[in-house]
Amino acid sequence: MCAAVYVLSTVTGYVLTSALLLKCPNLLYRKKRETFLGRHISHRGGAGENLENTMAAFKHAVDLGTDMLELDCHLTKDKEELPPYLCKLGVTFQRECFCEGGEDKRIPLLRDVFDAFPNTPVNIDIKVNDDTLIKKVSELVVKYDREHLTVWGNASNQIVKKCYKENPRIPVLFSLPRVLQLLGLFYTGLLPFFPLKEQFLEIPMPSIVTKLRDPSRLTKSQRIIAWLADTLLMRKALFKHLTARGIQVYIWVLNDEEDFQRAFDLGATGVMTDFPTKLKDFLDRNGISKPQ
């Protein structure tokens with residue numbers, strides 16, 4: 001009987017401590033220093049309004065007042081500049097949408113972006129597991145004194161580990177395996193007790209799958225999986241805990257106002273979009289101020 005009471009009191013104490021630390025994580029951890037905050041993030045510069053990953057797209061987004069540019073980074077095999085786009089491009093996260101862009105159809109070098117936008121935070125998606133690419137990106141970030149204005153990573157845990165090892169002063173994203181681990185810790189009540197090296201959680205809103213594909217073509221299993229993933233991932237308590245620890249939460253890639261609203265209602269730090277003008281109009285109209 002005494003043993004049962006002791007076990008019960010131990011479990012109760014753990015649950016109460018976990019709940020307290022979930023809401024007040026700063027009792028255990030010092031809040032991570034946030035060198036910039038982002039409400040408005042332009043995916044590939046705004047792939048729905050200009051050709052993605054072009055200087056025209058980046059300039060348009062910065063002129064609108066975007067808080068951060070997101071771009072993909074590769075290393076060309078011949079180490080030379082890439083040829084220009086020759087045709088219109090489909091917008092990945094908008095069904096039956098294409099962008100032809102204007103005169104600018106060339107993908108710039110990373111240093112060109114750093115030169116043009118010295119004060120704009122940049123989210124760099126390291127697209128391939130290449131040690132040379134990771135090293136060169138780090139060298140450029142250091143050269144341009146942008147460690148406080150850069151976040152990098154990929155869904156691959158191997159890439160994120162290499163990024164962190166190459167330059168731990170550049171904030172990293174949660175990889176996919178780390179997102180799954182994060183959810184496991186959250187649902188078991190262990191998350192408040194675990195230190196986290198990442199400073200940015202960048203995740204999709206699973207429910208948008210019904211907007212990316214013809215709903216009539218989705219199988220019942222696909223609908224159930226999307227619903228389950230959305231239910232598990234889009235959790236206000238999780239986002240609130242992370243942001244209290246200084247970890248920013250970005251939801252991608254949202255292109256509809258109802259999804260913008262849902263993301264901010266859930267407590268996301270920011271939204272990544274293909275349509276920077278639409279997101280800016282939404283933020284202005286709803287009085288969601290730009291973070292200082």
- Do side-chain atoms of T273 reach the backbone of P276 as a donor and acceptor pair under 3.5 angstrom? no
- With sequence neighbours left out, write down each residue that passes ring-ring contact (aromatic ring centres under 6.0 Å, His included) with F282, or none if nothing qualifies. F260
- If every non-hydrogen atom of L64 is compared with every non-hydrogen atom of K280, which pair is closest and at what distance? O-CE, 3.0 Å
- Item | Crowding at NZ, K278 (>12 non-hydrogen neighbours, <6.0 Å) | yes
- Query: Between the main-chain N or O of I41 and the side-chain N or O of D67, is there a donor-acceptor pair closer than 3.5 Å?
  - Reply: no
- Task: Mark yes or no for whether D284, through its side chain, and D281, through its backbone, hold a donor-acceptor pair below 3.5 Å.
- Result: no
- Task: Report, as yes or no, whether the 6.0 Å neighbourhood of atom CZ on R33 holds more than 12 heavy atoms from other residues, nucleotides or ligands.
- Result: no
- Measure from the side-chain N and O atoms of H148 to the backbone N and O of T35, and report whether any donor-acceptor pair falls under 3.5 Å. no
- Calculate, to the nearest 0.5 Å, the distance between atoms CG and CZ belonging to L266 and F239 respectively. 6.0 Å
- Message: Would you say that more than 12 heavy atoms from the other residues, nucleotides or ligands in this model lie under 6.0 Å from the NZ of K161, or not?
- Response: no
- Message: Take a 6.0 Å sphere around CD of Q158 and say whether it holds more than 12 heavy atoms from other residues, nucleotides or ligands.
- Response: no
- Task: Before giving the answer on side chain to side chain donor-acceptor pair (under 3.5 Å), spell out for Q248 and T243 the whole-Å C-alpha distance, their side-chain angles and the decisive distance to 0.1 Å.
- Result: CA-CA 6 Å; Q248 299 187 51; T243 54; over 6 Å; no
- Does R235 count as lying over the ring of F186, i.e. NZ or CZ under 6.0 Å from the six-ring centre, within 45 degrees of the axis? no
- Message: Does either side chain, that of Y144 or that of D115, offer a donor lying less than 3.5 Å from an acceptor on the other one?
- Response: yes
- Message: Take a 6.0 Å sphere around NZ of K240 and say whether it holds more than 12 heavy atoms from other residues, nucleotides or ligands.
- Response: no
- Message: Checking N129 against K162 for the side chain to side chain donor-acceptor pair (under 3.5 Å) test, could you report, in this order, the C-alpha distance in whole Å, the side-chain angles of both residues, the deciding distance, and whether it holds?
- Response: CA-CA 9 Å; N129 188 357; K162 287 183 178 181; 2.9 Å; yes
- Answer yes or no: is there a donor N or O on one side and an acceptor on the other, between the side chain of E70 and the main chain of G45, under 3.5 Å? no
- Do L149 and V122 pass the side-chain contact (heavy atoms from CB on, under 4.5 Å) test, and can you show the C-alpha distance, the side-chain angles, and the key distance before you say yes or no? CA-CA 6 Å; L149 290 174; V122 175; over 6 Å; no
- Item | Any side-chain donor near an acceptor of the partner, T66 and H40, under 3.5 Å | yes
- Query: Are K211 and D259 close enough for a salt bridge, meaning some N to O gap below 4.0 Å?
  - Reply: yes
- Task: Calculate, to the nearest 0.5 Å, the distance between atoms OG1 and CG belonging to T269 and L201 respectively.
- Result: 9.0 Å
- Carefully, step by step, assess F264 and L283 under the rule side-chain contact (heavy atoms from CB on, under 4.5 Å). CA-CA 10 Å; F264 288 116; L283 296 175; 3.7 Å; yes
- Parallel, tilted or perpendicular: ring planes of F200 versus F36, cut at 30 and 60 degrees: parallel
- Task: Mind jotting down which residue pairs meet the side chain to side chain donor-acceptor pair (under 3.5 Å) criterion with at least one end in residues 164-181? Sequence neighbours excluded, please.
- Result: S138-N167, E147-N167, E147-R169, N157-S175, R178-Q181, R178-E198
- Message: If only side-chain N and O atoms count, and only distance matters, is there a donor-acceptor pair under 3.5 Å linking S207 with R262?
- Response: yes
- Is there a donor-acceptor contact under 3.5 Å from the side chain of D130 to the main chain of T132? yes
- Okay, side chain of Y187, backbone of L182: is any donor-acceptor separation there less than 3.5 Å? no
- Is it true that a side-chain atom of N286 and a backbone atom of I288 form a donor plus acceptor pair closer than 3.5 Å? no
- Chi angles and distances behind the side-chain contact (heavy atoms from CB on, under 4.5 Å) call for K127, L133: CA-CA 9 Å; K127 299 303 289 187; L133 171 61; 5.8 Å; no
- Message: Under the side-chain hydrogen bond (donor to acceptor under 3.5 Å, both in side chains) test against R44, which residue among N50, D125, D274, D72 passes?
- Response: D72
